[in-house]
Amino acid sequence: MSLCLVLKLKKDQKYQMFRYQILIEYMGTNFRGWQIQKKGKTVQGLIQDKISLLIKEKISLYGAGRLDVGVHAREQSAHFDCKNKINELDKFLKSINYFLNKNDIAILKIRKRNNNFHSRFSAKMRIYKYIIINRLSSPILEKNRGWHIMKELDVNLMKKGARKLIGTKDFSTFRKSSCRAKSPVKTMKLIKVKSFKNNIEIEFRSQSFLQQQVRSMVGCLKYLGEKKWSLKKFEYVMKSKKRSLCAPPAPPEGLYLSRVVY
């Protein structure tokens with residue numbers, strides 16, 4: 001083996017990076033969203049700092065999606081690269097959660113990934129769930145964990161509206177003006193509305209979403225459930241591609257990133 005090749009191999013080994021995926025559960029109430037901001041506490045920023053401190057190496061954390069202020073996650077996915085291999089993953093979990101749990105964050109799992117994996121770009125499906133607490137009295141145990149609506153909603157009418165949203169469509173009506181997505185066209189694989197006791201749960205499945213798309217769709221479904229809109233009006237607003245016609249977006253406290261499928 002030539003000297004040049006030996007030197008190249010040693011250089012490659014020296015800069016070899018290990019990639020890890022983490023699954024994260026958190027309450028978004030006290031954060032300024034997922035993404036790092038210039039000011040304020042964010043989920044991405046806090047986890048990134050604590051991992052860097054724990055492994056004694058500065059890392060960058062990449063998430064599967066940018067969740068707004070107040071939005072929760074049951075299983076957000078993210079990855080980071082580091083120079084040193086983490087040999088005891090269970091020990092790492094216990095140690096990092098010691099720092100994070102007091103901030104309403106938990107790392108559920110960590111797994112080693114190859115360098116082709118990317119938490120955002122490798123995702124095949126994102127599953128969001130929205131919780132509506134539909135009862136007269138204000139929630140106590142579920143405060144900040146769902147949208148409290150006192151007026152009784154027509155769930156069957158909301159189901160009919162949800163079916164209108166399934167498929168490949170231009171979702172401009174439900175797109176926030178600051179959204180940076182290249183196209184407003186998305187494919188909604190599934191929207192499922194189910195009710196139990198005083199809760200209404202709406203599940204959304206798509207490979208990707210526009211900024212504030214889910215909350216905007218829920219806001220329109222709520223208008224439908226309240227019978228402020230007819231099904232015909234709901235469909236007209238959806239097809240109009242006019243953000244100005246959209247109902248007010250549902251508040252963030254009812255939204256959960258449920259799972260990211262790879």
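Note that the numbering runs from 1 along the sequence shown for the chain.
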Run the numbers on F204 and M217 for side chain to side chain contact (heavy atoms under 4.5 Å, CB included), then give the verdict.
CA-CA 10 Å; F204 300 85; M217 291 190 293; 3.7 Å; yes

Pair E203-S258, side-chain donor/acceptor within less than 3.5 Å
no

Mind checking side chain to side chain donor-acceptor pair (under 3.5 Å) for T168 and listing every partner two or more places apart, or none if nothing turns up?
T187

When you compare the side chain of E226 with that of D154, does any pair of heavy atoms fall below 4.5 Å?
no

Verify, without hydrogens or angle tests, whether D49 (side chain) and L53 (backbone) share a donor-acceptor contact under 3.5 angstrom.
no

Output yes when a side-chain donor or acceptor of H72 lies under 3.5 Å from a complementary backbone atom of N144, and no otherwise.
yes

Flag the pair V71 / Y256 as yes when at least one side-chain heavy-atom distance between them is below 4.5 Å, and no otherwise.
no

Out of curiosity, Q35 CD to D68 CG, how far, rounded to the nearest 0.5 Å?
10.0 Å

For the atom pair CD (Q213) and OG1 (T173), what is the distance rounded to the nearest 0.5 Å?
10.5 Å

Nearest heavy-atom neighbours spanning F80 and S60:
CB-O, 3.5 Å

Is there a donor-acceptor pair under 3.5 Å between the side chain of Q48 and the backbone N or O of L61?
yes

Any N199 side-chain heavy atom under 4.5 Å of I131 side chain
yes

Check whether any side-chain heavy atom of I24 sits under 4.5 Å from a side-chain heavy atom of L108, and report yes or no.
no

Mark yes or no: K186 above the aromatic ring of F171, with NZ or CZ under 6.0 Å from the six-membered ring centre and no more than 45 degrees from the axis.
no

Those residues at least two apart in sequence (or on a different chain) that pass ring-ring contact (aromatic ring centres under 6.0 Å, His included) with F117 are Y262

Ignoring hydrogens and geometry, is there a side-chain-to-backbone donor-acceptor pair from R205 to I127 under 3.5 Å?
no

Consider only side-chain heavy atoms of I, L, V, M, F, W and Y, link residues closer than 4.5 Å, and tell whether I47 and L89 are in one cluster.
yes

Tell me, please, whether Y98 has K102 positioned over its six-membered ring: NZ or CZ under 6.0 Å from the ring centre and within 45 degrees of its axis?
yes

K94 NZ: over 12 foreign heavy atoms closer than 6.0 Å:
no

Quick check against the 3.5 Å criterion: does N134 have a side-chain atom that pairs as donor or acceptor with the backbone of I149?
yes

Residue pair W34 / A78: nearest heavy atoms and the distance that separates them:
CH2-CB, 4.0 Å

I need the Y62 OH to Q44 CD distance, nearest 0.5 Å.
9.0 Å

Quick one: do H79 and H118 satisfy side chain to side chain contact (heavy atoms under 4.5 Å, CB included)? Show the steps, please.
CA-CA 7 Å; H79 79 268; H118 195 285; 3.6 Å; yes

Do side-chain atoms of R215 reach the backbone of A250 as a donor and acceptor pair under 3.5 angstrom?
yes

What are the two closest heavy atoms between S178 and Q211, and how far apart are they?
OG-OE1, 3.1 Å

Have S216 and R175 got a donor and an acceptor in their side chains that come within less than 3.5 Å?
no

Modelled atom types, side-chain donor and acceptor of R259 and Q76, under 3.5 Å
no

Which distance, rounded to the nearest 0.5 Å, do you find between the CG of N97 and the CZ of F92?
9.0 Å

For residues 133-152, which residue pairs qualify under salt bridge (Lys or Arg N to Asp or Glu O under 4.0 Å), counting only residues two or more places apart or in two chains?
none

Taking the side chain as every heavy atom from C-beta outward, state whether L245 and Y236 have any pair of such atoms under 4.5 Å apart.
yes

Do R113 and Q21 have side-chain atoms, one donor and one acceptor, less than 3.5 Å apart?
yes

Do you know which two heavy atoms are closest between R120 and R66, and how far apart they sit?
NH1-NH2, 4.4 Å

Residue pair R111, L23: steps toward the side chain to side chain contact (heavy atoms under 4.5 Å, CB included) verdict:
CA-CA 9 Å; R111 55 171 69 108; L23 300 179; 4.3 Å; yes

Quick one: pull up CD1 in I96 and CD1 in I22 and give me the separation to the nearest 0.5 Å.
8.0 Å

Does a side-chain heavy-atom distance below 4.5 Å link T29 with D104?
no

Take atom CG of D90 as the centre, draw a 6.0 Å sphere, and report whether it contains more than 12 heavy atoms from other residues, nucleotides or ligands.
no

Is the number of heavy atoms from other residues, nucleotides or ligands within 6.0 Å of NZ (K169) greater than 12?
yes

I need the single residue from K233, K239, K232 that forms a salt bridge (charged side-chain N to carboxylate O under 4.0 Å, His left out) with E235. Which is it?
K239

Quick one: are V260 and M125 in side-chain contact, heavy atoms under 4.5 Å?
no

Is it true that atom CZ of R243 has more than 12 heavy atoms of other residues, nucleotides or ligands lying nearer than 6.0 Å?
yes

Cluster link V69 to V43, ILVMFWY, side chain under 4.5 Å
no

Could you pull out the closest heavy-atom pair between H148 and P139, with the gap in Å?
CG-CD, 3.6 Å

Donor-acceptor check, side chain of R126 to backbone of Q207, threshold 3.5 angstrom: yes or no?
yes

Should W229 and F174 be counted in the same cluster of Ile, Leu, Val, Met, Phe, Trp and Tyr side chains packed under 4.5 Å apart?
yes

As a quick check of understanding, evaluate side chain to side chain contact (heavy atoms under 4.5 Å, CB included) for L54 and F99, giving each step before the final call.
CA-CA 9 Å; L54 182 62; F99 294 109; 4.3 Å; yes

Does atom NZ of K241 have more than 12 heavy-atom neighbours from other groups under 6.0 Å away?
no

Hydrophobic clusters here meaning ILVMFWY residues chained together by side-chain heavy-atom distances under 4.5 Å, can you tell me if L190 and I202 are in one?
no

Distance check, rounded to the nearest 0.5 Å: Y26 atom OH versus I107 atom CD1?
11.0 Å

Nearest atoms (heavy-atom pairs only) where L210 meets A181
CD2-CB, 3.7 Å

Between F209 and Y128, is the ring centroid distance below 6.0 Å?
yes

Is I55 reachable from F18 through a run of I, L, V, M, F, W or Y residues, each pair having side-chain heavy atoms under 4.5 Å apart?
yes

Applying the side chain to side chain contact (heavy atoms under 4.5 Å, CB included) criterion to L157, which one of L224, V193, L221 satisfies it?
L224

Could you check if a side-chain atom of N84 sits within less than 4.5 angstrom of a side-chain atom of E57, using non-hydrogen atoms only?
yes

Are R74 and E25 within salt-bridge range, i.e. N to O under 4.0 Å?
no

